[in-house]
Amino acid sequence: MSSMKNVSTRQELIQRMVLREIGDDYEEIDHILVNLRKVCAQIGVPVSRHDVYEALNDLFDKELAGAYRLSPSSPVTQVYEMPKEDELDVSSYFLISDDGLRVLRSEFEYPLDDEGVLRSDWVPPSQ
């Protein structure tokens, strides 16, 4: 296997990892953060809630992810303006777009293998 494809910075790595997290279901920011922190601890890349928000904001702006409101009592509602970081709550969710799926499938090799072990050929991106 080769090293990371098209990921040269920490910001790009976090964006791709966020895309992976929202790739199969609606996810809220704190759930994304918990999952990313587990992986990032293994690969030696720090990640904060603000990092995840910035990644989501960039992905939203590039139309690689969408923002949604979810609640048990009403249907899913797409949000057409990215919420501000301090406005995110338990009803704020994100989901990968079709374009985001294409990017994720064509340009990203995950740093962990199928067993959750750091790949021997993985090289951390620059800061």
Side-chain angles (χ1 to χ4, degrees):
M1 263 190 196
S2 62
S3 61
M4 299 297 291
K5 293 181 184 176
N6 297 317
V7 177
S8 59
T9 67
R10 179 179 164 275
Q11 180 182 6
E12 288 176 309
L13 174 65
I14 292 170
Q15 284 181 8
R16 295 306 193 281
M17 293 175 73
V18 167
L19 270 179
R20 189 173 190 268
E21 286 297 316
I22 62 174
D24 62 353
D25 198 6
Y26 297 95
E27 300 293 350
E28 58 93 22
I29 191 169
D30 292 319
H31 181 80
I32 296 166
L33 178 59
V34 166
N35 290 338
L36 258 60
R37 280 190 170 155
K38 290 176 189 174
V39 175
C40 287
Q42 288 183 273
I43 63 175
V45 175
V47 64
S48 68
R49 188 177 196 272
H50 182 71
D51 293 328
V52 174
Y53 175 79
E54 287 296 315
L56 287 165
N57 191 44
D58 289 346
L59 295 169
F60 182 88
D61 286 347
K62 294 174 185 172
E63 299 182 356
L64 300 177
Y68 300 86
R69 288 270 177 210
L70 273 70
S71 84
S73 60
S74 59
V76 173
T77 305
Q78 187 166 5
V79 177
Y80 294 98
E81 186 174 314
M82 181 67 180
K84 293 183 180 5
E85 187 171 4
D86 61 353
E87 294 173 351
L88 294 176
D89 60 24
V90 295
S91 67
S92 303
Y93 283 77
F94 299 89
L95 184 67
I96 198 168
S97 68
D98 289 340
D99 287 341
L101 277 172
R102 281 189 282 284
V103 167
L104 188 63
R105 289 182 182 146
S106 66
E107 298 180 3
F108 183 60
E109 291 182 19
Y110 201 61
L112 304 182
D113 65 18
D114 292 337
E115 286 79 41
V117 176
L118 183 62
R119 290 186 11 245
S120 62
D121 63 342
W122 188 77
V123 177
S126 65
Q127 297 298 324

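Note that these values count all heavy atoms, side chains included, but never hydrogens, waters or copies made by symmetry.
- At least one side-chain heavy atom of Val103 sits less than 4.5 Å from a side-chain heavy atom of Arg16.
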Steps toward side chain to side chain contact (heavy atoms under 4.5 Å, CB included) verdict (Phe94, Met82): CA-CA 10 Å; Phe94 299 89; Met82 181 67 180; 3.6 Å; yes
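- Of all the heavy atoms in Ser71 and Ser74, the pair that sits closest is OG-OG, 2.8 Å.
- Using a 4.5 Å cut-off on side-chain heavy atoms (C-beta onward), Val39 and Glu21 make no contact.
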Full working for side chain to side chain contact (heavy atoms under 4.5 Å, CB included) between Ile43 and Leu13: CA-CA 11 Å; Ile43 63 175; Leu13 174 65; 4.0 Å; yes
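- Nearest heavy atom pair, residue Arg49 against residue Arg37, reads N-NH2, 4.2 Å.
- With a 4.5 Å cut-off on side-chain heavy atoms, Val90 and Glu28 do not count as touching.
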Side chain to side chain contact (heavy atoms under 4.5 Å, CB included) between Val45 and Met17, intermediate numbers included: CA-CA 12 Å; Val45 175; Met17 293 175 73; over 6 Å; no
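- Linking Ile, Leu, Val, Met, Phe, Trp and Tyr whenever their side-chain heavy atoms come within less than 4.5 Å puts Ile96 and Leu88 in one cluster.
- Across every non-hydrogen atom of Pro83 and Ala67, the tightest pair is CD-CB, 4.2 Å.
- Using a 4.5 Å heavy-atom threshold, the side chains of Gln15 and Leu19 count as separate.
- Across Asp51 and Val47, no two heavy atoms sit closer than the pair OD2-CA, 3.4 Å.
- For the pair Gln42 (side chain) and Pro111 (backbone), a donor-acceptor distance under 3.5 Å is absent.
- Contact check for Glu54 versus Ile14: no side-chain heavy atoms found under the 4.5 Å cut-off.
- Rounding to the nearest 0.5 angstrom, the gap separating the CG atom in Leu56 from the CG atom in Asp61 is 11.0 Å.
- Residues Tyr93 and Leu36 do not share a hydrophobic cluster, defined by chaining ILVMFWY side chains whose heavy atoms lie under 4.5 Å apart.
- Annotation: side chain of Arg102 is in contact with side chain of Asp99 (closest heavy-atom distance under 4.5 Å).
- Under the 4.5 Å side-chain contact rule for hydrophobic residues, Leu70 and Leu95 share a cluster.
- Glu27 and Asn35 share no side-chain donor-acceptor pair at under 3.5 Å.
- Note on Phe60 and Val76: separate hydrophobic clusters, where clusters join Ile, Leu, Val, Met, Phe, Trp and Tyr whose side-chain heavy atoms are under 4.5 Å apart, directly or indirectly.
- Interatomic distance, Arg10 CZ to Cys40 SG, rounded to the nearest 0.5 Å: 8.0 Å.
- For the atom pair Leu33 CG and His50 NE2, the distance stands at 12.5 Å (nearest 0.5 Å).
- Environment of CD in Glu81: sparse, with no more than 12 heavy atoms of neighbouring residues, nucleotides or ligands closer than 6.0 Å.
- Residue-environment remark: CD (Glu63) stays at or below the threshold of 12 foreign heavy atoms within 6.0 Å.
- Arg69 has a carboxylate O that lies under 4.0 Å from a charged side-chain N of Asp89, or vice versa, which qualifies the two as a salt bridge.
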